[in-house]
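First the structure, in the form of structure tokens, and then the observations on it.
Residue numbers start from 1 in every chain, and the chains themselves are labelled A, B, ... in the order their sequence lines are given, proteins ahead of strands.
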Number of protein chains: 2
Amino acid sequence: MTTHQEGSSSPRPKATRQRAAIAQALATAPGFRSAQELHDELRAADHKVGLTTVYRTLQALSESGAVDAMRREDGETIYRRCDTQIHHHHLVCRSCGYTVEIENEAVERWTQRTAEKHGFEDVTHDIQVFGLCDACSPE
Amino acid sequence: MTTHQEGSSSPRPKATRQRAAIAQALATAPGFRSAQELHDELRAADHKVGLTTVYRTLQALSESGAVDAMRREDGETIYRRCDTQIHHHHLVCRSCGYTVEIENEAVERWTQRTAEKHGFEDVTHDIQVFGLCDACSPE
DNA sequence: GTTAGTGCAAATGATTTGCAAACAG
DNA sequence: CTGTTTGCAAATCATTTGCACTAAC
């Protein structure tokens with residue numbers, strides 16, 4: 001029987017030109033972007049990568065925890081390189097997309113405790129704060 | 001010029017059979033459901049309502065604050081009648097969909113203050129806690 | 001009667017999938 | 001070589017929109 005060391009960990013991806021380009025793009029620019037936006041970025045930088053590949057790669061990176069994924073209010077999924085392994089949430093400008101990472105121990109604990117109080121297990125949560133950053137505010 | 005009284009308030013909807021059916025369905029069953037699910041419910045109850053109308057009505061109700069809308073993890077938007085006018089969030093069972101309303105003043109204030117501290121205005125937020133309710137927990 | 005509301009079918013837009021060709025190990 | 005990865009095109013899926021039609025007021 002083929003019992004090598006195969007846990008629930010990923011089967012290691014191959015090193016391809018496009019994967020490198022995607023990783024680099026994510027490492028270079030800081031903000032969140034959708035798969036399509038990242039794809040445009042790459043094409044603009046003369047990296048020929050298929051949109052499909054961008055989707056597949058981002059999904060894989062997201063699952064492995066290498067990138068943060070969140071859903072924008074319009075429903076598009078956006079990604080960004082995860083700087084910290086620490087759990088955090090985002091404050092996002094509704095207009096320009098400027099993003100700030102926010103976190104608060106107390107809030108984390110509250111969600112956890114509240115869920116447990118109601119008999120829930122294996123709890124995860126998602127907090128998103130939207131607003132207009134001062135650059136985008138009317139005056 | 002046609003300058004009647006037109007504020008930012010809604011132009012009052014007309015009372016139609018389908019709107020009534022939708023409102024009733026929302027009032028009767030308690031949980032969250034997607035537009036498509038609600039549509040099925042209605043057809044099952046012999047109410048002939050077009051899917052388009054369900055979408056349009058739910059959207060209107062959501063904007064007027066009569067129903068709560070939230071996005072499921074899979075991206076579908078789900079709605080439910082808003083019992084309280086008080087701002088609250090949801091604790092949702094990942095497996096069976098059982099939902100509990102949760103709220104916490106302190107958390108509300110934290111999101112507000114944090115956003116303002118970063119120069120954001122017109123702040124809204126969205127908190128969702130997912131987990132397995134005890135009925136769905138492994139043991 | 002007018003206008004808002006309805007519903008079908010077609011359009012949209014993000015994401016996924018089938019499948020053959022290209023490539024890493 | 002041999003299994004992955006890629007990428008195009010076509011398929012999905014939720015939601016929206018065009019437009020002719022019907023019902024409210």
Side-chain angles (χ1 to χ4, degrees), chain A residues 2 4-6 9-26 32-43 45-64 66-67 69-80 97, chain B residues 2-6 9-26 32-64 66-67 69-80 97:
Chain A
T2 40
H4 296 285
Q5 80 301 1
E6 317 212 324
S9 46
S10 0
R12 319 95 220 280
K14 269 181 191 174
T16 66
R17 175 176 56 72
Q18 23 287 77
R19 203 169 282 254
I22 292 170
Q24 193 204 88
L26 285 169
F32 271 98
R33 26 177 146 3
S34 68
Q36 320 232 22
E37 287 160 355
L38 182 56
H39 180 241
D40 290 344
E41 251 177 67
L42 291 168
R43 312 205 99 228
D46 268 320
H47 286 111
K48 280 263 176 61
V49 183
L51 179 56
T52 311
T53 302
V54 175
Y55 272 109
R56 281 194 279 234
T57 305
L58 284 175
Q59 216 167 274
L61 288 173
S62 165
E63 268 160 36
S64 80
V67 303
M70 67 177 245
R71 217 179 282 268
R72 224 194 261 148
E73 281 188 323
D74 73 347
E76 257 188 277
T77 304
I78 52 183
Y79 307 84
R80 110 161 154 180
Chain B
T2 41
T3 317
H4 295 285
Q5 81 300 1
E6 319 214 321
S9 46
S10 1
R12 320 92 217 284
K14 267 181 192 173
T16 66
R17 174 176 57 73
Q18 19 293 76
R19 203 168 282 253
I22 292 171
Q24 193 204 90
L26 285 169
F32 272 98
R33 29 177 144 2
S34 69
Q36 320 231 21
E37 287 160 355
L38 182 55
H39 181 241
D40 290 345
E41 250 177 69
L42 290 169
R43 313 205 98 231
D46 268 320
H47 286 112
K48 278 263 176 62
V49 183
L51 178 56
T52 310
T53 300
V54 175
Y55 272 109
R56 281 194 280 235
T57 305
L58 284 176
Q59 215 166 274
L61 289 173
S62 165
E63 268 159 36
S64 79
V67 304
M70 67 177 244
R71 218 181 280 271
R72 224 193 262 148
E73 282 186 324
D74 74 347
E76 257 189 275
T77 304
I78 51 181
Y79 307 84
R80 108 161 156 180

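For the atom pair NE2 (H39(A)) and OG1 (T52(A)), the distance works out to 8.0 Å, reported to the nearest 0.5 Å. Note that CG of L61(B) and CZ of R56(B) are 13.5 Å apart. Values are rounded to the nearest 0.5 Å.
Direction change of the helix axis from one end of the helix from dG1(C)-dC25(D) to dG25(C)-dC1(D) to the other is 30°, with five pairs defining each end axis (rounded to 10°).
Of the residues in residues 18-26 of chain A, not one places a heavy atom less than 4.0 Å from an atom of DNA chain C.
Note on residues 14-25 of chain A: no pairs pass side-chain hydrogen bond (donor to acceptor under 3.5 Å, both in side chains), not counting sequence neighbours.
The side-chain heavy atoms of I78(B) and M70(B), taken from C-beta on, include a pair separated by under 4.5 Å. Between L58(A) and T77(A), every side-chain heavy-atom pair lies at or beyond the 4.5 Å cut-off.
Judged as a side-chain contact (heavy atoms from CB on, under 4.5 Å), and not counting sequence neighbours, the contacts of E63(B) are Q59(B). A search for side-chain contact (heavy atoms from CB on, under 4.5 Å) contacts involving S62(B) returns V67(B), A69(B), Y79(B), not counting sequence neighbours. For L42(B), the side-chain contact (heavy atoms from CB on, under 4.5 Å) partners at least two apart in sequence or on another chain are A21(B), I22(B), A25(B), L38(B), H47(B), V49(B), V54(B). For D46(A), there are no side-chain contact (heavy atoms from CB on, under 4.5 Å) partners at least two apart in sequence or on another chain. By the salt bridge (Lys or Arg N to Asp or Glu O under 4.0 Å) test, R72(B) pairs with E37(B), D74(B), E76(B), sequence neighbours left out. Residues forming a side chain to side chain donor-acceptor pair (under 3.5 Å) with R33(A) (at least two apart in sequence, or on another chain): E41(A).
With rounding to whole Å, R72(B) atom CZ is found 9 Å from dT15(D) atom P. The distance between atom CG of L58(B) and atom P of dA14(D), rounded to the nearest whole Å, is 15 Å. Put simply, CG on L38(B) is 15 Å from P on dA14(D), counting in whole angstrom units.
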For nucleotides 12-20 of chain C, just jot down a letter per nucleotide in 5' to 3' order: B, S or -, based on protein non-hydrogen atoms under 4.0 Å. --SBBB---

What are the atom names and distances for every N/O pair under 3.5 Å that joins the protein to nucleotides 21-25 of chain C?
| residue | atom | partner | partner atom | Å |
| --- | --- | --- | --- | --- |
| dA24(C) | N3 | K14(A) | NZ | 3.4 |

